[in-house]
Amino acid sequence: MLLLIAAILITLALFVGSILAHEMGHAAAVAWLAGKGAVRKISAGSVVVFRRGVFEIGLLPTWGHVEFDPERLGPIDRRLVAAAGPVASAVTALGFLALGRSGWFDPGWTRAIITMGKANIALAWVNLLPIPPLDGWTIIETWLPAWGVRWSAGTLDAARRYGAAFVFVASVWLVLLIGPYR
């Protein structure tokens with residue numbers, strides 16, 4: 001039983017760590033483009049168990065975000081910030097895949113590490129979908145004014161809420177459809 005609890009906690013930590021790596025990509029881009037101190041909060045996971053400085057880390061790998069003032073960045077900079085998260089996820093995936101292929105671990109751990117690499121590839125690609133509030137949408141959203149599309153703050157907020165609900169339902173459905181429970 002203790003081994004099962006440890007395995008669950010390690011799995012949760014790896015997934016929350018992957019979300020944190022993704023968000024750190026965004027935060028690094030914000031700091032680079034808007035200056036030191038521009039990042040107000042870096043959050044990864046829910047049911048917060050750790051707070052220090054700008055970091056807020058949760059136990060459950062549900063969501064993450066970086067809080068900053070988007071008005072400090074122009075459209076091109078916002079696109080770079082949005083793309084930086086998926087790039088960080090891809091780099092994290094390469095790290096996991098290289099570690100998994102290293103031959104340093106027994107087959108069980110190797111399989112788990114390679115699975116984390118694949119999960120980070122999925123995290124990168126899914127975040128590039130143009131669905132609010134994902135990174136792909138943020139990239140598209142910065143183009144809307146140039147295309148003559150003007151949405152009110154309320155409309156954008158509603159799009160993000162409905163998009164987040166869609167992403168949550170689709171994620172649960174996919175886990176149930178192709179996850180380890182079948």
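Quick note: numbers below take in every heavy atom, side chains included, and nothing from hydrogens, waters or symmetry partners. Treat the numbers as computed from the prediction; the structure is a model and nothing was measured.
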Among all residues two or more places apart in sequence or in another chain, which pass the side-chain contact (heavy atoms from CB on, under 4.5 Å) test with [X]?
{"X": "Val149", "value": "Leu144, Trp147, Trp151"}
{"X": "Pro61", "value": "Leu12, Phe15, Val16, Ile19"}
{"X": "Trp32", "value": "none"}
{"X": "Ala112", "value": "none"}

Treating Ile, Leu, Val, Met, Phe, Trp and Tyr as nodes and any side-chain heavy-atom pair under 4.5 angstrom as an edge, say whether [X] and [Y] lie in one connected cluster.
{"X": "Ile8", "Y": "Met1", "value": "yes"}
{"X": "Leu14", "Y": "Val47", "value": "no"}
{"X": "Ile113", "Y": "Trp104", "value": "yes"}
{"X": "Leu123", "Y": "Val66", "value": "no"}
{"X": "Met116", "Y": "Leu9", "value": "no"}

Going by side-chain hydrogen bond (donor to acceptor under 3.5 Å, both in side chains), name the residues that satisfy it together with [X], two or more places apart in sequence or in a different chain.
{"X": "Ser46", "result": "Thr62"}
{"X": "Arg51", "result": "Glu56"}
{"X": "Thr155", "result": "Ser152"}

Could you list who else is in Leu129's hydrophobic cluster, with ILVMFWY side chains joined at under 4.5 Å, directly or through other members?
Trp63, Val126, Ile131, Leu134, Phe166, Val167
Any pair with a residue in residues 100-124 that passes salt bridge (charged side-chain N to carboxylate O under 4.0 Å, His left out), sequence neighbours left out, goes on the list, sorted by first then second residue, please.
none
Minimum-distance pair of heavy atoms, taken over all atoms of [X] and [Y]:
{"X": "Pro86", "Y": "Ala82", "value": "CD-O, 3.1 Å"}
{"X": "Ala90", "Y": "Ala124", "value": "N-CB, 4.2 Å"}
{"X": "Ala84", "Y": "Gly25", "value": "CB-O, 3.2 Å"}
{"X": "Ala27", "Y": "Ile42", "value": "CB-CD1, 3.6 Å"}
{"X": "Phe55", "Y": "Met24", "value": "CE2-SD, 3.5 Å"}

Tell me the side chain to side chain donor-acceptor pair (under 3.5 Å) pairs involving residues 65-89, sequence neighbours left out?
His22-Ser89, Arg79-Thr142
Of all pairs that satisfy side chain to side chain donor-acceptor pair (under 3.5 Å), the ones with a partner from residues 119-128, not counting sequence neighbours:
Ser18-Asn120
Pairwise side-chain contact, Leu59 with Phe50, heavy-atom cut-off 4.5 Å (strictly under)
no
Evaluate whether atom CG of Leu4 has more than 12 neighbouring non-hydrogen atoms of other residues, nucleotides or ligands under 6.0 angstrom away.
yes
Does atom CZ of Phe105 have more than 12 heavy-atom neighbours from other groups under 6.0 Å away?
yes
If we check side chain to side chain contact (heavy atoms under 4.5 Å, CB included) with His26, which of these qualifies: Val81, Val87, Val39?
Val81
In residues 91-100, what donor-acceptor pairs under 3.5 Å come from side-chain atoms, sequence neighbours left out?
| residue | atom | partner | partner atom | Å |
| --- | --- | --- | --- | --- |
| Thr92 | OG1 | Ala88 | O | 2.8 |

